[in-house]
Amino acid sequence: QGGLNVELKPRNELAAYFNDFAAKAEPVHQGGSASTLGNMRVRGVPIVLTQSSCVLQIMMVVPADSPIKSTADLKGKRVAIDRAGFHYGWMRRVVKQAGFDLEKDVTLVPASLPATAPLLVRGDVDAAALPTGFFDGLMVQNAGKFKSLYAIDEELAKAIGVKQIFAMVAVHQDFATRNPQILKKMFEVWSTAAKWANANMPEVIDILSRPVAAGGTGLPKPALQSQLVTHRTLRWDIV
């Protein structure tokens with residue numbers, strides 16, 4: 001509708017998105033953090049950030065009856081986290097702000113994103129870092145059994161003194177140089193879509209609840225309601 005054709009290419013592992021982008025298999029990465037993408041550039045990958053794509057929250061989740069009330073209470077506890085995710089770097093900074101070290105003072109249980117919630121449900125860990133989608137699914141399927149300690153991105157924002165942490169769109173420098181009009185069009189299309197989505201949430205939930213083959217996510221409506229309305233762990237804010 002906006003004159004821009006976008007092909008989304010799913011990967012099986014979070015790290016694969018960053019690896020493909022760094023290896024220049026794809027010219028555009030949509031949805032990484034400034035910290036991870038900045039680290040790529042420091043290590044020699046010539047990329048630039050072009051815009052935000054959304055606010056994508058990662059929740060620190062604990063059992064409903066957990067004695068853990070703050071970051072300080074995570075010291076000595078078992079925490080499931082995907083080290084390939086940008087929230088791992090976020091959490092290291094949040095824990096440092098609390099006066100201890102994530103690697104030395106916490107028993108980290110490395111897990112891919114899909115494995116974090118099952119570890120928490122089985123009681124194998126005391127807390128888990130769950131991205132939106134996994135978090136909202138857990139809350140719907142296990143009503144009253146778990147709670148959010150906090151959104152890690154919000155704790156990071158407090159720690160470094162900014163208002164908001166965004167998921168970012170990045171492109172390779174040569175792509176940006178060759179395609180300035182495409183970048184401008186991307187921003188216009190993303191902004192228009194975000195404005196429409198924020199004003200038409202029931203229709204958005206209906207669209208996204210459709211099967212993947214029909215252009216949706218396959219997520220059930222209650223999980224999407226939690227994600228987009230109740231907890232607002234996913235928000236479209238384009239800058």
Side-chain angles (χ1 to χ4, degrees), residues 1-9 14 17-18 20-22 26-42 45-60 85-94 97 129-133 135-136 148 150-201 203-205 207-208 217 224 226-239:
Q1 188 177 25
L4 188 70
N5 293 321
V6 177
E7 181 182 2
L8 301 179
K9 296 187 176 181
L14 181 64
Y17 288 100
F18 295 109
D20 281 356
F21 181 58
E26 309 297 346
V28 179
H29 182 93
Q30 186 259 329
S33 73
S35 53
T36 300
L37 296 167
N39 195 37
M40 273 190 198
R41 186 171 175 90
V42 167
V45 183
I47 59 175
V48 291
L49 302 180
T50 63
Q51 64 177 71
S52 66
S53 58
C54 62
V55 174
L56 182 68
Q57 294 201 307
I58 314 288
M59 314 302 289
M60 183 57 69
F86 47 75
H87 57 286
Y88 167 71
W90 293 359
M91 199 60 204
R92 289 195 68 175
R93 183 64 177 81
V94 171
Q97 190 78 4
L130 300 181
T132 176
F135 165 76
D136 297 285
S148 167
Y150 49 64
I152 298 175
D153 60 299
E154 292 179 357
E155 292 300 297
L156 175 67
K158 293 176 188 175
I160 64 176
V162 299
K163 289 183 178 181
Q164 184 70 67
I165 304 295
F166 293 99
M168 307 298 295
V169 175
V171 303
H172 283 273
Q173 180 68 62
D174 56 356
F175 181 88
T177 301
R178 293 195 312 269
N179 301 288
Q181 291 307 310
I182 289 182
L183 298 186
K184 181 179 179 181
K185 177 61 70 174
M186 282 173 60
F187 180 76
E188 292 172 355
V189 169
W190 257 252
S191 299
T192 299
K195 183 177 180 180
W196 178 86
N198 290 327
N200 296 276
M201 204 54 71
E203 189 172 351
V204 169
I205 291 174
I207 292 170
L208 294 179
T217 65
L224 290 164
S226 171
Q227 184 180 58
L228 299 170
V229 179
T230 306
H231 293 104
R232 298 191 72 236
T233 52
L234 173 62
R235 305 190 296 277
W236 289 293
D237 191 356
I238 313 301
V239 295

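- Rounded to the nearest 0.5 angstrom, Asn5 CG and Lys185 NZ are separated by 11.5 Å.
- Not one N or O on the side chain of Ser33 forms a donor-acceptor pair closer than 3.5 Å with the backbone of Phe166.
- How far CH2 of Trp90 is from CE of Met60: 12.0 Å, rounded to the nearest 0.5 Å.
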Could you walk me through whether Gln57 and Glu154 pass side chain to side chain donor-acceptor pair (under 3.5 Å), step by step?
CA-CA 8 Å; Gln57 294 201 307; Glu154 292 179 357; 3.0 Å; yes
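- In this structure, Ile165 CD1 and Leu56 CG are separated by 12.0 Å, a value rounded to the nearest 0.5 Å.
- Across Gln51 and Leu183, no two heavy atoms sit closer than the pair OE1-O, 4.5 Å.
- Here the closest non-hydrogen pair linking Ile152 and Val94 is O-CG2, 4.1 Å.
- Atom CG of Asn200 sits about 11.5 Å away from atom NZ of Lys195, to the nearest 0.5 Å.
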Would Leu228 and Leu234 satisfy side chain to side chain contact (heavy atoms under 4.5 Å, CB included), going step by step from the backbone distance to the final call?
CA-CA 6 Å; Leu228 299 170; Leu234 173 62; 4.0 Å; yes
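- Thr132 and Gln227 share a side-chain donor-acceptor pair at under 3.5 Å.
- To the nearest 0.5 Å, atom OH of residue Tyr17 and atom CD of residue Gln30 are 10.0 Å apart.
- Going from atom CE of Met59 over to atom OG1 of Thr233 covers 6.5 Å, rounded to the nearest 0.5 Å.
- Put simply, the side chain of Thr36 never gets that close to the backbone of Gly32: no donor and acceptor are under 3.5 Å apart.
- Side-chain contact, Asp237 with Ser52: no donor N or O sits under 3.5 Å from an acceptor N or O.
- Judged by distance alone, the side chains of Glu155 and Gln97 never bring a donor and an acceptor atom under 3.5 Å apart.
- Taking the six-membered ring where the residue is Trp, Phe21 and His172 present tilted rings, their angle falling between 30° and 60°.
- Distance alone, capped at 3.5 Å, is enough to place a donor-acceptor pair between the Asn179 side chain and the Phe175 backbone.
- Using a distance-only test at 3.5 Å, with no hydrogens or angles considered, no donor-acceptor pair links the side chain of Arg235 to the main chain of Val55.
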